[in-house]
Protein chains: 2
Amino acid sequence: MADDRVRRVTSADVAREAGVSRATVSYVLNDTPHQSIPAETRRRVLEAAARLDYAPSAAARTLRSGRSDVVLCLLPDWPVGPEVGALLGNLSAALARRGMTFVAHPSTREDRPIAEIWKAITPAAVLAFEDLSAAEIAAMRAAGVASLVALLGRSRRRPGELEVPQQRVGRLQAEHLAALGHPRLGYAYPDDPRVAIFAEPRRDGARAACAGLGLPAPVSRTVPLDGAAAAAVVRDWRDAGVTAVCAYNDEVALAVLAGLRACGLTAPGDLAVIGVDDIVAARLADPALSTVTTDQAALAEYLAATIVEVIHGRPAPPGPGEDITRVVRRAST
Amino acid sequence: MADDRVRRVTSADVAREAGVSRATVSYVLNDTPHQSIPAETRRRVLEAAARLDYAPSAAARTLRSGRSDVVLCLLPDWPVGPEVGALLGNLSAALARRGMTFVAHPSTREDRPIAEIWKAITPAAVLAFEDLSAAEIAAMRAAGVASLVALLGRSRRRPGELEVPQQRVGRLQAEHLAALGHPRLGYAYPDDPRVAIFAEPRRDGARAACAGLGLPAPVSRTVPLDGAAAAAVVRDWRDAGVTAVCAYNDEVALAVLAGLRACGLTAPGDLAVIGVDDIVAARLADPALSTVTTDQAALAEYLAATIVEVIHGRPAPPGPGEDITRVVRRAST
DNA sequence: CTGTTAGCGCATTCAT
DNA sequence: ATGAATGCGCTAACAG
């Protein structure tokens, strides 16, 4: 096996090149306090490092410190849309500002145990979008890896679990429709069982809002991402006296719009529809889709701050303000 | 700073628990060939490891072997849609099958040098979706990190660059429309400058197809993701005698459909439209959008195979078959 | 004040 | 089946 790889440049190489010891190299490169290095030596070391393209081995550094500056995010099995994409980007930026490196691992269908993944990375913390078993959490703790679960929005939040307002999304939808005078709402539940972890709190939020306003609970129906199938659900809702529906997300909402078209009906006159996420297609739909959007940058900032606290064994900061989520009204309601 | 973290379980702990040496532990746990360990000892070691929840330190292992089994993907700045999401998921699975761990880093707007990122991970290989500078490639080589660039689909592919058929996408669109008898095509170019790296080869492909069929070059126009703005472009195309357009992707195609609606026109009668990606909203659009789709699983398999070869310093395998990309015809053409 | 020596952290592997 | 060396960087203790 031809291994033509160049031998790594190590701190010893830099030391030799600069004519100093490895310790000195380390002190200079890390700006170690309480170690006064003359400017001249300093310069020689820095130049040597630059000349040799020196890159400290993260492995050695991690081994020594027992701690890497990497945050690993375990992505769920379900398809990540642009909203999650945006959240990840913002999270990456927010953590970079705090000196950490963010990476995400798309979960594999043929599920290897998540342990294999974090063991390969040795992150300072693991951020999951789905539940972690107690055994998994214990194993990570034992390895010095902090773990936290985000975006669940359970009512009863467990320790080390982040508060992210999923219920609020559903509540805003229902309140918006109720304020427009709709007395009886429907809920368009997603067909994909993998997203139940998001869908349930959202639907619960809509239900709670109705209860709070003295309206009957929303008529929940599963809506496939298919015009013909959605049409049947639309007829069902209309038979039940539903005049407006909250959809799990914009895609499901678009399916409802397609169903309406297939019935020869239109929104909002025959049935008002509101989605979640504000994807590009929502704006371009006919009619343009009302939706609920979340400020991903603010959410990312909160998650990043929490991660840093948890890594240091400190309590999580208070959740983000409720105002990061709001309704965007368009033609469909 | 309260550091209540539990000390890591190391191979020394397992050795003590099993009453053997660390070397023996290593041999047993790695199934090292040419080292006959009695079944009894073997069992003791495995049991001790299980009892203690032993997790070998990836950092130490990487340090020792000089090779990690992590592949780092540098995501581009532009928004990743569900197609890229699917690709990443498949890639993760394909690499897992080959014993590697895949992670992705969403690039931050406030770009820190990419060196900081791979240095923090020490991957075996870096997969980028955008160009890497010669200096960056050199630095990675020096650190023993293989690098490769994917999805560019430049005509002239540089060494270590993957072949992924972007031009083919544009070619299929144009050929589809030409086969339907459209003599003069338009090209709907995206508004977002960040996606130019994809958009250019696609448009080039459409242009090449037209040239090959003896048609005039497509009339290329930038189409904002906005109905009103798109309407102006639609009028422009019709004035130019264009009867069908290839769109950069489904979102741009949806914008064209919205533009048509705003003009009181419809597809395909007044203007045929075909997108790329087959997003959910394409199927649900009015009219349902024709599009070009790529078999992400096959593409991921090819990328994974290539990555493994490059890591071992071997030449890249031949590109994936052309048939991984195909037209899905719906009502818009 | 400047810079060095020595040993640690952990798993792997050669030679005994 | 084991002791000892190895890979690399960090840092306490120490010498010039």
### Query
Quick one: is dC10(C) close enough that its OP1 or OP2 comes under 4.0 Å of any side-chain N or O from Ser57(B)?
no
### Query
Reckon Ser65(B) has a side-chain N or O less than 4.0 Å from the OP1 or OP2 of dG7(D)?
no
### Query
OP1, OP2 of dA1(D) versus side-chain N and O of Thr24(B): anything below 4.0 Å?
no
### Message
Counting distance alone, no hydrogens or angles: does the base of dC14(C) have a donor or acceptor under 3.5 Å from a partner atom on the side chain of Tyr27(B)?
### Response
yes
### Task
Apply salt bridge (Lys or Arg N to Asp or Glu O under 4.0 Å) to Arg43(A) and list each qualifying residue two or more places apart in sequence or on a separate chain.
Glu40(A), Glu47(A)
### Task
Please tell me which of the listed nucleotides, dG7(C), dG3(D), dG3(C), lies nearest to the side chain of Arg64(A)?
dG7(C)
### Task
Kindly say whether Tyr302(A) contributes a backbone atom to a donor-acceptor pair with the side chain of Thr306(A) at under 3.5 angstrom?
yes
#### Entry: OP1 or OP2 of dT13(C) under 4.0 Å from side-chain N/O of Ser26(B)
no
## Note on the structure
Looking only at heavy atoms, the pair that brings Val45(A) and Val14(A) closest together is O-CG1, 3.9 Å
### Message
In whole Å, I'd like the distance from the CZ atom of Arg61(B) to the P atom of dT13(C).
### Response
10 Å
## Note on the structure
Comparing Pro38(A) with Arg22(B), nearest DNA chain C nucleotide closer to 5' gives the residue Pro38(A)
### Summary
Checking Val28(A), Asn30(A), Leu29(A) against Thr32(A) for side-chain contact (heavy atoms from CB on, under 4.5 Å), the one that qualifies is Asn30(A)
## Note on the structure
Looking only at dG9(D), dT2(D), dC10(D), the nucleotide nearest the Ala60(A) side chain is dG9(D)
### Query
Under 4.0 angstrom, heavy atoms only, what part of the nucleic acid is Thr41(A) near: base, sugar-phosphate, or nothing?
sugar-phosphate
#### Entry: Salt bridge present between Arg141(A) and Glu136(A) (N-O < 4.0 angstrom)
no
### Query
For dT12(C), does OP1 or OP2 lie under 4.0 Å from any side-chain N or O of Asn30(B)?
yes
### Query
CG of Asp31(B) versus P of dT12(C): gap in Å, rounded?
12 Å
### Query
With distance as the sole test, does Ser68(A) use its side chain to make a donor-acceptor pair with the main-chain N or O of Val70(A) at under 3.5 Å?
yes
### Message
Between P on dT4(C) and CZ on Arg16(A), what's the gap in Å once rounded to a whole number?
### Response
14 Å
### Summary
Scanning both residues in full, the closest heavy-atom pair of Ala139(B) with Trp118(B) reads O-CH2, 3.7 Å
### Query
Can you check the Glu40(B) CD to dA1(D) C1' distance for me, whole Å?
14 Å
### Query
Using a cut-off of 4.0 Å on non-hydrogen atoms, how would the nucleic acid contact of Val25(B) be classed: base, sugar-phosphate, or nothing?
nothing
### Query
Should Ser11(A) be listed as having a side-chain N or O under 4.0 Å from OP1 or OP2 of dG9(D)?
yes
### Sidechain N-carboxylate O distance under 4.0 Å for Asp69(A), Arg98(A)
no
## Note on the structure
Which of dC10(D), dT2(D), dG9(C) is nearest the side chain of Ala23(B)? It is dT2(D)
#### Entry: Length of the line joining Arg44(A):CZ and dG3(C):C1', which is rounded to integer Å
11 Å
### Query
For the helix from dC1(C)-dG16(D) to dT16(C)-dA1(D), what angle lies between the axis at the first five pairs and the axis at the last five pairs, to 10 degrees?
50°
### Whole angstrom value for the distance that separates P of dA1(D) from CG of Leu29(B)
14 Å
### Query
What is the distance from CG of Leu63(A) to P of dG7(C), rounded to the nearest Å?
18 Å
